[in-house]
Each structure stands twice: as C-alpha cells, then as structure tokens.
Amino acid sequence: RSVGLEDVVDPRALAAHRQRIAAPGGRLVRTVPNGLGPWELMNFAKKAVTWLGLGQPLRNFQRALGYTGVSLQSKNPHLDHLQFFTKRRLAGLARAAGWRVLSRRNLSMFIAVFPVSMAFRKWPGLEPIDTALARTLPAEAASGWLLELESALSNGTGGPRSGGSE
C-alpha cells in the first residue's frame, strides 16, 4: 500500500518532502480521495452504524453478500484516512508545499462504495463506465481525483520559478 496525503498526520510535510526531492520542473501524478465524496461518506456512515451498536449486523450483511473485508485497491481491511480533502484544501496544500496544479480529473464514482463495489469485483469491465460517469460530474461528486502537479519552486534556492500559473 502506498502512503498518500490522506494517510499521514502532516500532509504538507509529505508534499513538501516530495517537492524537495523533485528535479527542477519535476512532476508528480497522485490520486487523492475526495474527503466528501461517496467513498468517504460511506465510511462515515459505517462508523455511525457501528457507534449505534449495529456494526455486527452490518458486517454480517456484508459477509452474506460475499464481502471479504478487503477492497479492490488494497488487501488492508483498515483503510481509514487521517486527512479529508476538498478541492480548495488540496489546492492550498499543493501551493504551500511548492507545487503547481497542472490538472485535476475526477477519477471514480462508485468503484469502492459498498455494495456497488461487489459488482466491480465480479465484472471489472464496469470500471471504465464508473470513470466515464465520474468525469461527467462536478468534482465534489467524485470519490477521488487524479492530480498532475509540477514543482513550482526552483531546487536549491527555495524561491518561486518564473513563468507559469496555477
């Protein structure tokens, strides 16, 4: 499992470290979950159900449908994120760490959202449909984004590069 901005206590430090080791004009392509997207909202709902004492019935329901406790993205059953990003927070973090956002695309909609995720596991050909759907929706409705970043700082001096805009 890779460590993303959503997985660390200090995402700015991680983004700044990646910027420091980037070559001049270096680029970084990264996926980031939408902190208010369908996947994260599903996880918030599961936590609320557990808090209400209904966690075991939910797990029994999931197992009855064939859910094994792992996702398409990871075999780690504990995929809780520490950070939750909106478009604005993500853009601010990138700027503060010395990155310029070159592009942001909606990546997915329902691929990891239970119980819809079960269909994606059974019929992997559905993934391009999910991606196409996500790209037609406002960014706020996507489960995650694909970012292309470019180092906005010159290596060595720490000063901004000339040219380019966000």
Side-chain angles (χ1 to χ4, degrees), residues 1-46 67 69-155 160-161 163-166:
R1 167 162 147 67
S2 65
V3 174
L5 298 172
E6 67 276 9
D7 300 314
V8 296
V9 173
D10 187 353
R12 185 183 180 282
L14 178 60
H17 171 73
R18 288 178 175 165
Q19 194 286 324
R20 280 191 302 277
I21 62 174
R27 292 190 178 182
L28 174 67
V29 176
R30 183 74 219 167
T31 60
V32 179
N34 174 1
L36 298 175
W39 191 83
E40 295 290 8
L41 294 178
M42 175 200 63
N43 285 325
F44 291 139
K46 284 181 3 185
Y67 182 67
V70 296
S71 75
L72 291 172
Q73 293 84 12
S74 175
K75 292 187 188 228
N76 179 355
H78 306 289
L79 296 176
D80 292 341
H81 293 145
L82 300 176
Q83 304 295 327
F84 301 92
F85 294 99
T86 61
K87 283 187 333 183
R88 174 184 252 166
R89 180 170 180 232
L90 193 55
L93 175 95
R95 272 192 307 275
W99 292 100
R100 180 176 20 264
V101 178
L102 296 178
S103 68
R104 181 197 39 77
R105 290 192 325 235
N106 293 353
L107 186 60
S108 63
M109 180 68 185
F110 294 118
I111 192 168
V113 179
F114 181 84
V116 180
S117 59
M118 301 296 292
F120 286 95
R121 192 169 289 150
K122 188 168 184 164
W123 300 293
L126 293 174
E127 187 172 350
I129 297 168
D130 183 62
T131 301
L133 173 63
R135 292 194 177 149
T136 66
L137 298 172
E140 293 78 13
S143 279
W145 303 303
L146 179 67
L147 298 172
E148 183 181 6
L149 306 172
E150 179 181 55
S151 177
L153 301 177
S154 61
N155 276 1
R161 291 172 192 252
S165 62
E166 191 169 328

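What you are looking at is a predicted structure, and each value in this text was computed from that prediction instead of being measured.
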What is the distance from atom CD1 of Ile129 to atom CZ of Phe120, rounded to the nearest 0.5 Å?
8.0 Å

State, to 0.1 Å, how close Pro11 and Leu93 come at their nearest heavy-atom pair, and which atoms those are.
C-CD1, 3.8 Å

Is it true that atom CZ of Arg135 has more than 12 heavy atoms of other residues, nucleotides or ligands lying nearer than 6.0 Å?
yes

Working to the nearest 0.5 Å, report the span between CG of Leu14 and CZ of Arg30.
8.0 Å

All side chain to side chain donor-acceptor pair (under 3.5 Å) counterparts of Arg12, not counting sequence neighbours
none

Side-chain (Gln83) to main-chain (Val8) donor-acceptor, under 3.5 angstrom:
yes

Identified side chain to side chain contact (heavy atoms under 4.5 Å, CB included) counterpart of Leu82 within the set Leu5, Val9, Asp7:
Val9

Are Leu149 and Val101 packed together at the side-chain level, in the sense that at least one heavy-atom pair is separated by less than 4.5 angstrom?
yes

In this structure, CG of Leu90 is separated from CZ of Arg104 (nearest 0.5 Å) by 8.5 Å

Is the backbone of Pro33 close enough, under 3.5 Å, to the side chain of Trp39 for a donor and an acceptor to pair up by distance?
no

How close do Ala97 and Ala16 get, counting heavy atoms only, and between which atoms?
CB-N, 3.6 Å

In short, Leu28 meets Arg18 closest at the heavy-atom pair CD2-CD, 4.1 Å

Minimum heavy-atom distance Arg89-Phe84, with the two atoms named
NH1-O, 3.1 Å

So CH2 of Trp99 and CG of Leu147: to nearest 0.5 Å the spacing works out to 11.0 Å

Which pair of non-hydrogen atoms, one from Ala134 and one from Asn106, has the smallest distance, and what is that distance?
O-ND2, 2.7 Å

Can you measure from CZ (Arg100) to CZ (Arg27) and round to the nearest 0.5 angstrom?
9.5 Å

Minimum-distance pair of heavy atoms, taken over all atoms of Asn34 and Glu40:
O-CG, 3.2 Å

